[in-house]
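Just so you know, ligand 1 is whichever comes first in the structure, and atom 1 is the first atom listed for that ligand. Reckoned from all heavy atoms, side chains included, excluding hydrogens, waters and symmetry mates.
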Amino acid sequence: MYSLIVRNARLNDQIVDIAVSDEKIAAIAPAIPEQGQKEIDAAGRMVSPPFIESHIHLDATLTAGEPKWNESGTLFEGIQTWALRKQSVTHADVVNRATTLLKWQAAQGVLHVRTHVDVTDPKLTGLKALLEVKEAVKDWVNVQIVAFPQDGMLSYPQGAELVEEALKLGADVVGAIPHYELTRDYGVESVRLAFRLAEKYDKPIDIHCDETDDPNSRFLEVMVAEAIRTGMSREVTASHTAAFGSYDNAYAMKLMGFIRRADINFVANPLINITLQGRADTYPKRRGITRVKELWQNGLNVSLGYDDVMDPWYSLGTGAMIQPAHMAVHVSQMTGRSEVMACYDMVTSNAARTLGIAERYGVAVGKPADFVLVDAPDKWEAIRRLAVTTHVIRGGRVIAETRPPESRLLGERITFTK
Ligand code: 17E
Ligand code: FE2
C-alpha cells in the first residue's frame, strides 16, 4: 500500500504517476494501478526536486530598517548597519526571525538551506540560536550552518578563535571573508586558516570571496591554490566572487584554467550583487556579478543564493528560489534556451552538489520522497512565469500547499500561455 500517489505529473517531458512508501519514492510509471492512502492530481504540472537555498544569512534576516535603512545601498553600509543591529541581537530574536524565514522558504518548496551566521561576536549568540533552530526544524527542512566571520578572522579580535569555537559547537561549514580583512596579507592568511580548520575538523568550506568590484581583489586564486594543494574540490565553495566580473580577460582566462583544475563550487547571488555592486561606478556601470555563464560553459558547478531577505543588504525578497534564478537569466544574460533551463538547475540540482547532498537528492525511485509540484509544465515556463510551488512533499508528507493564481478578464480565463 502506497501512502501517497501523485498522478499526472510532468517529469522530463513525460506524464507519470509517482508512488511513495516508507518516506521514499517507491515507483514512477505512466500509470500506477494501485490506490494510495492519499492521492494528489498534479494536472500536468512539473514535478521537481525541492528548491535549495545555497547561500543566505538567517541571523540577519527580517531586520531591514533596524535601527536604520541602508541608504547608500553599498555592501559597506550594510555591514555597518548590521554592526548596529547586532548590538541588540538576542537568542530569541534570532530564533524567531530565522524560523519565520525558514517557514516562508519551506512553504515555497525550499527544503535545504545553507545559512551563514556571523561569528564575530564573543558570545556567539547568533550561532547558538541557529544551532537550536536547525534542530527544531529538522523534520521539515535541512539546515547547514557556516561559521562566517563578518568582521574578519584576523582583523577582528579573536576572529579565528571564534570560527574554531563555532565549529566545536556544531557549525557545519568553515567560512571566511578575505577581501574584507585589513590587508591583502591578512586576507591570504585567512583563506589558509580556513583550509587548516576544514582539515582539522573535517568540514567543508564556503568563503565570501572577492565580493567587491575591485579588480585587484584576487583571493579566488588563493582558494583555488589551497583546493589544489589539499585535494579538496567539491567540499570547497567560493561565494559571491563578484571581482571575477571585473578582472581583465587575460587574467580571467588564466584563472579559469586553474579553477577547472581545482573543480570547486561557486555560488552567485544575483539579486543582491546587482544592487550592492557598481556603486562606485558612474557609467558604464558594472553588474557586479561573477562570470556565471562562463563558469557554467566551462563545466563548473554554479548554484544561486538569495543571500538576503529583508535585511541591511537587501530590503526586498520572499525566499522563493525562482526569483534569483529569474534574475540570473537577466544579469548573466543566460537567455538562450538551454541557458534559461540551466538557471533552474542552479537553484536545484547544482545547489545539491554545493551542499554535498546530491546522493540523496532527485526525483527517482529509491530517493527520499522530497519533491515539489511547480505550477508550470517545464523549467523554462517556471522561470518565465515566476511560477508558484503548489505542493511541497517532504518525507512523503504534504507539508505545504499554495493555490496557484487564476486570472479572469471580463469572465474569460487568461492563462499567460501563447
Ligand atoms: N555580509 C557580507 O559580507 N556580504 C553580504 N552580501 C551579506 C552579508 C549579505
Ligand atoms: Fe553572503
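Relative to the ring axis of Phe244, Arg218 does not place its NZ or CZ within 45° and under 6.0 Å from the centre. Seen from the ring of Phe219, Arg184 counts as a face-on cation partner, given the 6.0 Å and 45° thresholds. Relative to the ring axis of Tyr283, Lys285 places its NZ or CZ within 45° and under 6.0 Å from the centre.
Taking the ring centroids of Phe51 and His112, they lie at or beyond the 6.0 Å cut-off. Ring-centre distance between His55 and Tyr306: not below the 6.0 Å cut-off. Checked against a 6.0 Å centroid threshold, the rings of Phe371 and Tyr361 do not count as neighbours.
Taking the N/O/S atoms of His208 in turn, the shortest distance to the Fe ion (ligand 2) belongs to NE2. For Asp307, the N/O/S atom at the shortest distance from the Fe ion (ligand 2) is named OD1.
Contact annotation: for Leu75 versus ligand 1, heavy atoms closer than 4.0 Å belong to the side chain alone. In Ile272, the part holding a heavy atom less than 4.0 Å from any atom of ligand 1 is the side chain. The proximity of Asn273 to ligand 1, defined as any non-hydrogen pair under 4.0 Å, does not occur for either the backbone or the side chain.
Residue Phe148 places a heavy atom less than 4.0 Å from ligand 1. The shell of residues lying under 4.0 angstrom from ligand 1, judged by heavy atoms, includes His240.
At the top of the distance list for atom 3 (O) of ligand 1, counting protein heavy atoms only, stands Gln150 NE2, 3.0 Å. With respect to atom 9 (C) of ligand 1, the closest heavy atom belonging to the protein is Asp308 OD1, 2.7 Å. Among all protein heavy atoms, the one lying closest to atom 4 (N) of ligand 1 is Glu211 OE1, 2.7 Å.
Atom CZ of Arg261 sits in a sparse spot, with 12 or fewer heavy atoms from other residues, nucleotides or ligands closer than 6.0 Å.
For Asp307, a nitrogen or oxygen atom sits less than 3.5 Å from a nitrogen or oxygen atom of ligand 1, counting backbone and side chain alike.
Here Arg7 pairs with Asp17 in a salt bridge; the nearest charged N to carboxylate O distance falls below 4.0 Å.
At a threshold of 2.8 Å, the Fe ion (ligand 2) has no backbone or side-chain N, O or S atom of His116 nearer than that distance.
The side-chain heavy atoms of Arg97 and Thr63, taken from C-beta on, include a pair separated by under 4.5 Å.
Shown in contact with Ile177 at under 4.0 Å from a heavy atom are these atoms of ligand 1, numbered in order with element: 3 (O).
Centred on the Fe ion (ligand 2), the NE2 atom of His57 and the NE2 atom of His55 lie at an angle of 100°, reported to 10°.
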